[in-house]
Amino acid sequence: MTVVIGFEGSANKIGIGIIRDGEVLSNPRRTYITPPGQGFMPSDTARHHRGVILTVLKEALEQAGLKPADIDCVAYTKGPGMGAPLVTVALVARTVAQLWGKPLLGVNHCIGHIEMGRLITQANNPTVLYVSGGNTQVIAYLERRYRIFGETIDIAVGNCLDRFARVIKISNDPSPGYNIEQMAKKGSRYVELPYTVKGMDVSFSGILSFIEEAANKMLSSGQCTAEDLCFSLQETVFAMLVEITERAMAHCGSQEVLIVGGVGCNLRLQEMMGVMCKERGAKLFATDERFCIDNGAMIAQAGWEMFRSGYVTELEDSWITQRYRTDEVEVTWRD
Amino acid sequence: MSMFSPFNTTAMATETNQETGKLEFFLDVPFPSSREATVALRSLSPDREPRRGGISKQLSVSGSTLSVRWSADEARILRVSVNSFLDHLSLVVETMELFGPPVNL
């Protein structure tokens, strides 16, 4: 029996989760939400996390009904992500690991998402679309690495959606992406926006610049509503993601797609991906907002796999890093 | 400068090193035991300064005191680093208060 506690705080969510042999015992989380029109800055985010992290840690233990002695390993996000919040969380993880006399394990955030997706959906060997506010990658497992087949060459799709939300002052509660999704359901007019796929990769900064510049003009001239813009933006960026996912599947001969990351909660994205999968006779896997949005249990799960296959992080090597490629980690726990 | 209960922090004023021309700042933080000072040291030392140039710091433990020595080119850079360190230190101390004392190994 192996029990792992995982600490996550690389963006505006701070979550701590406990997993015992594939069972999620607890997974409390808090989100730092900024006023409409504002994004979250590193030092404010770190301050938010610092204010709640010890409370969330207590909750994680209480809800799991465990004592520190029951924990076998303390996992935390080593990166990638925002520096100041990553440090805040790592400090607590390092401290409790020492106080409790438990081994420490630095986890790659992207791999956390993948391993949680695999656990929850039981997908066998899927092509993974990892889409969030900070990352956009198409990943496939091959010979001990999560290989990046395609990715954004500039900003993440979630970043594009979040920054568009700021332009038209959509609320960030519970998340800008969720509110864009709700508004998009009420949109009916498709406004043509730049579509940028470059081979296996995508680019979102062009569509963002275009819509940032044009949105207020189009809205005030009555050419379209905010709902129409939300609808059009989603249709365009999601179609781009479906295209590069399909391309990767064709390369790998894959019959499974797994969507992970906060943008993966979006039901329209799941629907569009589902259509492509059906056409190819492939299966689509996705998780709900408990697990697609950043959370502690996903770090615990990746930590569980890594710990059982022999990984440990020495304290001197436990520094956080803002850049950490998904393929940097040797995936020793899979064949 | 007294900041955390039950810990008292003693700090020396900033000095200019006559040889190097750099500003230096020393901080000594007493802990209840050498073990706890070492826990703090090992939590606080792994991360690099966000700012690559113009600032460096050294952490060490002597007895039950955590000592930090900064060397910086400018007062502004020194201030940012020290403030950030104090925030981090207070988080580590609070964590130790809530989840300590360290287990016997």
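Values below: every heavy atom of this structure, side chains too, minus hydrogens, waters and symmetry copies. Within every chain, numbering begins at 1; the chains are lettered A, B, ... in the order of the sequence lines, protein sequences first and strands thereafter.
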Looking only at N and O atoms, which donor-acceptor pairs between chain A and chain B are within less than 3.5 angstrom?
| unit_1 | atom_1 | unit_2 | atom_2 | d |
| --- | --- | --- | --- | --- |
| A:Arg50 | NH1 | B:Glu94 | OE1 | 3.2 |
| A:Arg50 | NH2 | B:Ser90 | OG | 3.0 |
| A:Arg50 | NH2 | B:Glu94 | OE1 | 3.1 |
| A:Arg94 | NH1 | B:Ser43 | O | 2.8 |
| A:Arg94 | NH1 | B:Asp47 | OD2 | 2.9 |
| A:Arg94 | NH2 | B:Asp47 | OD1 | 2.9 |
| A:Arg94 | NH2 | B:Asp47 | OD2 | 3.1 |
| A:Thr95 | N | B:Ser43 | OG | 3.4 |
| A:Thr95 | OG1 | B:Ser43 | OG | 2.9 |
| A:Gln98 | NE2 | B:Val39 | O | 3.0 |
| A:Gln98 | NE2 | B:Ser43 | OG | 3.0 |
| A:Leu99 | O | B:Val103 | N | 2.8 |
| A:Glu316 | OE2 | B:Arg42 | NH2 | 3.0 |
| A:Ile320 | N | B:Asp47 | OD1 | 2.9 |

Toward chain B, the part of A:Leu86 with a non-hydrogen atom under 4.5 Å: neither
B:Leu98 and A:Leu57: CA distance, side-chain angles, deciding distance, side chain to side chain contact (heavy atoms under 4.5 Å, CB included) verdict: CA-CA 10 Å; B:Leu98 275 176; A:Leu57 174 52; over 6 Å; no
For the student: nearest non-hydrogen atoms of B:Phe99 and A:Leu61, plus distance: CE2-CD1, 4.0 Å
Region of A:Leu104 that comes under 4.5 Å of a non-hydrogen atom in chain B: neither
